[in-house]
Amino acid sequence: GPRRGLSQSIFQVGGNTGQALAPLITALILVPLGQFGAIWFTVIAGLAVCFLLYIAKWYQTQLHGMVRQKQGLGNSQRDSRMSTAIKWAIIILVFLVFARSCYISAISNFDAFYVMDTYHLSIAQAQIYIFIFLLMGAAGTFFGGPLADRFGKRTVILLSFIIPEPHALALPYVGEI
């Protein structure tokens, strides 16, 4: 419908929540059980593969239906210009996603070792801090969609890059919570 930002945020929050759960799983399962604890996740991965195969088959039938509908329309010069605009939009989007992923990976990896070294916490305790950090990212993703619908995508994306900067710079100077 008209609330595309909300739709996208709901879609993305699943992946971000899964990413946020990784440190929690590390702290609660992998640290106490070691590599043997990872075996239990093969069952979950197998179920996910089955689920995705089902979705892929459904999506393939949806695409075939859309192709049949578009065959009668033909191509125009407008479609060619639109595809160029779409290509540039995808390039910019991939760059932004890459930059965001590098930032989050760097903070996640640095913060765990920093907290362990500075505050003498265990790996499990440090992972809880990473979990909270990533969970707040998932919450930001969820709330960012409706905000993008209201204030515009560019504004929300720009603010999502500007607002965290002072917090990231202050992170090494913040004491233990």
Side-chain angles (χ1 to χ4, degrees), residues 1-33 35-66 86-112 115 123-165 167-168 171 177:
R3 299 177 65 190
R4 291 182 177 178
L6 176 64
S7 301
Q8 183 65 27
S9 68
I10 291 170
F11 172 76
Q12 283 183 298
V13 82
N16 288 353
T17 304
Q19 185 179 12
L21 288 174
L24 195 61
I25 290 168
T26 300
L28 299 177
I29 297 171
L30 299 179
V31 170
L33 299 177
Q35 288 183 348
F36 183 74
I39 291 174
W40 295 103
F41 290 101
T42 58
V43 174
I44 295 170
L47 289 172
V49 167
C50 293
F51 187 66
L52 289 173
L53 285 172
Y54 174 77
I55 290 172
K57 288 179 183 179
W58 171 83
Y59 188 65
Q60 184 178 20
T61 57
Q62 296 296 318
L63 285 179
H64 286 300
M66 291 171 58
I86 290 172
K87 286 177 187 174
W88 278 108
I90 289 174
I91 288 170
I92 292 170
L93 184 63
V94 166
F95 172 76
L96 290 174
V97 169
F98 181 75
R100 176 190 173 274
S101 296
C102 286
Y103 169 78
I104 288 183
S105 294
I107 291 291
S108 297
N109 291 317
F110 166 77
D111 194 46
V115 168
I123 294 172
Q125 291 169 323
Q127 294 299 315
I128 300 299
Y129 286 102
I130 302 302
F131 166 70
I132 293 169
F133 169 73
L134 294 173
L135 187 65
M136 291 302 106
T141 299
F142 181 73
F143 291 114
L147 290 172
D149 288 336
R150 184 170 181 170
F151 300 109
K153 294 174 280 199
R154 290 181 183 161
T155 304
V156 172
I157 289 172
L158 183 63
L159 289 175
S160 72
F161 275 97
I162 292 172
I163 291 173
E165 281 185 32
H167 298 93
L171 189 61
I177 295 176

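Rounding to the nearest 0.5 angstrom, the gap separating the CD atom in Q12 from the OG atom in S7 is 11.5 Å. If you take CZ on R150 and OG1 on T155, they are separated by 12.5 Å, rounding to the nearest 0.5 Å. Rounding to the nearest 0.5 Å gives a distance of 11.0 Å between CD1 of I123 and CG of L30. Taking OG1 of T26 as the start and CD1 of I128 as the end, the distance is 10.0 Å to the nearest 0.5 Å. To the nearest 0.5 Å, the span separating NZ on K153 from CD on Q8 amounts to 10.5 Å. To the nearest 0.5 Å, atoms CD1 (I157) and CD1 (I162) are separated by 12.0 Å.
Looking at T42, its side chain never comes within 3.5 Å of a backbone N or O of A38 through a donor-acceptor pair.
Among all heavy-atom pairs drawn from G144 and V156, the shortest one is O-CG1, 3.9 Å. Minimum heavy-atom separation, P32 to L28: CG-O, 3.3 Å. The two residues P164 and L159 have their closest heavy-atom pair at CD-O, 3.9 Å. The minimum heavy-atom distance linking P146 with L6 is given by the pair CG-CD1, 3.7 Å.
Heavy-atom contacts from other residues, nucleotides or ligands closer than 6.0 Å to CD1 of I25 number more than 12. Counting non-hydrogen atoms of other residues, nucleotides and ligands closer than 6.0 Å to CZ of F11 gives a total of 12 or fewer.
When side chains are defined from C-beta on, D111 counts as touching Y129, because their heavy atoms get closer than 4.5 Å. Side-chain contact check for I92 versus F95: every heavy-atom pair is 4.5 Å or farther apart. Looking at N16 and L134, their side chains never come closer than 4.5 Å, going by heavy atoms from C-beta outward.
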Throw together a table of side-chain donor-acceptor distances under 3.5 angstrom for residues 96-109, partners on residues two or more places apart or in other chains.
residue : atom : partner : partner atom : Å
S101    : OG   : V97     : O            : 2.9
S105    : OG   : S101    : O            : 3.0
S108    : OG   : I104    : O            : 2.8
N109    : ND2  : S105    : O            : 2.9

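Listed by chain and residue number, nothing satisfies the ring pair (Phe, Tyr, Trp, His ring centres under 6.0 Å) test with Y59 (two or more places apart in sequence, or in another chain).
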